[in-house]
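Structure, as structure tokens:
We're numbering straight along the sequence, starting at 1. All values below come from the heavy atoms of this structure, side chains included, with hydrogens, waters and symmetry mates left out. Every value quoted in this text rests on a predicted model; they were computed, and no experiment measured them.
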Amino acid sequence: NRHRNRLNLAFFCGFEAWAPDYKRGVLANLDYLSLSSNDTLTLSVRRPGFADFVPTEINTSLNTQIWDVDLAASYRFYDPAKANPQGLNTEFDLGPFVFDVLGGLNVTSLNTQLGLSTNLGGDGEFTTSNTVVSPLLGGRFRWNATPELAVLLSGSVSGFGIGGLTQYGVLGGVDWMFSGNTSLGLGYRFGFLDYNSGSSEVDLNVNQNGPYLNFGFRF
């Protein structure tokens, strides 16, 4: 019996630190997702002492929380001859085309709580928690169309089947420097996570698709 999850809460935040020449940097991202679902399955079972099968409802409730942390180093490619001659204060000063190569680690923690009950009485609850550490590879492309507006495209992959986990994400959008060193980002984000613990305890297949809105602060 297949069912869809309901989104309870999701948020994403990130931190970056770069050398003065914006060539080398370190990045950290945190992604949290909370899902829940409720389902009812009707089966015919034979109770002890009864000759006939009795229709029985099995009610299930599944709650899932996913914590996803990326820790990576980055090397940046851009043309110094086209950079802002007045100095490098933000990534908008690096010339029209910028490309980042990312490599590091991903830490994904998955927590699930399954509750079961029937109309014949009786209930139970099962909880599992798993953490997977795996390599992370990614890339980011940036086109600084104007001194205040940029077009972004990025992608990453991690898991690679380690611990039963495979996941990847793609993001595309625009970044607008609207006030000082503060920018507004708007675009579309797609994420996919597949996890199989190798037993019947946990088997997740999660797709995240939708627009995003964020704020960037530079110090």
Same cluster (ILVMFWY, side-chain, under 4.5 Å), [X] and [Y]:
X	Y	value
Leu213	Trp176	yes
Leu149	Phe178	yes
Leu27	Val69	no
Val157	Phe192	yes

Remaining members of the apolar cluster that contains Val98, side-chain heavy atoms under 4.5 Å: Trp18, Tyr22, Tyr78, Leu88, Leu94

Heavy atoms only: give me the nearest [X]-[Y] pair and the separation to one decimal.
X	Y	result
Tyr212	Val174	OH-N, 4.5 Å
Ile162	Pro135	CD1-CD, 3.5 Å
Asn144	Ala150	OD1-CB, 3.4 Å
Leu71	Ala28	CD2-CB, 3.9 Å
Asn181	Thr90	OD1-CG2, 3.7 Å

Trp143 and Phe97 aromatic ring geometry - parallel, tilted or perpendicular at 30°/60° bounds: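 Taking Trp143 first and then Phe97, their aromatic rings lie parallel (interplane angle under 30°).
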
Under a 4.5 Å cut-off applied to non-hydrogen side-chain atoms, are [X] and [Y] in contact?
X	Y	value
Leu136	Leu102	no
Leu30	Phe12	no
Leu137	Phe160	yes

About how many Å separate [atom2] of [Y] and [atom1] of [X], when rounded to the nearest 0.5 Å?
X	Y	atom1	atom2	answer
Leu204	Leu110	CG	CG	6.0 Å
Ser74	Lys23	OG	NZ	11.5 Å
Trp67	Ser34	CH2	OG	10.0 Å
Ser109	Asn130	OG	CG	8.0 Å
Tyr168	Leu193	OH	CG	10.5 Å
Asn84	Asn89	CG	CG	7.5 Å

Taking only residues two or more places apart in sequence or in another chain, which ones pass ring pair (Phe, Tyr, Trp, His ring centres under 6.0 Å) with [X]?
X	answer
Phe141	none
Phe11	Tyr32
Phe99	none
Tyr188	none

Ser183 (side chain) donor-acceptor with Met177 (main chain) under 3.5 angstrom: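 It does not hold such a pair.
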
is_close_aromatic(Phe217, Phe219), centroid dist under 6.0 Å: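 Here the rings of Phe219 and Phe217 have centres that are no less than 6.0 Å from each other.
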
Exercise: do Thr112 and Thr128 side chains pair donor with acceptor under 3.5 Å: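 Note: Thr112 and Thr128 side chains meet the donor-acceptor criterion.
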
Test item: side-chain donor near acceptor, Asn106 and Thr108, under 3.5 Å: yes

Apply salt bridge (Lys or Arg N to Asp or Glu O under 4.0 Å) to [X] and list each qualifying residue two or more places apart in sequence or on a separate chain.
X	answer
Glu16	Arg140
Asp21	Arg24
Arg218	Glu91, Asp175

Side chain to side chain donor-acceptor pair (under 3.5 Å) contacts in which one or both residues fall within residues 156-166, not counting sequence neighbours: Ser158-Gln167

For Ala10, side chain to side chain contact (heavy atoms under 4.5 Å, CB included) partners two or more places apart: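 Scan of Ala10 (side chain to side chain contact (heavy atoms under 4.5 Å, CB included), adjacent residues dropped) gives Leu7, Leu33.
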
Qualifying salt bridge (Lys or Arg N to Asp or Glu O under 4.0 Å) pairs with a residue from residues 185-195, counting only residues at least two apart or across chains: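 Residue pairs passing salt bridge (Lys or Arg N to Asp or Glu O under 4.0 Å), neighbours aside: Asp31-Arg189.
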
Within residues 60-85 or reaching into it, pairs that qualify as salt bridge (Lys or Arg N to Asp or Glu O under 4.0 Å) - sequence neighbours excluded: Arg76-Asp100

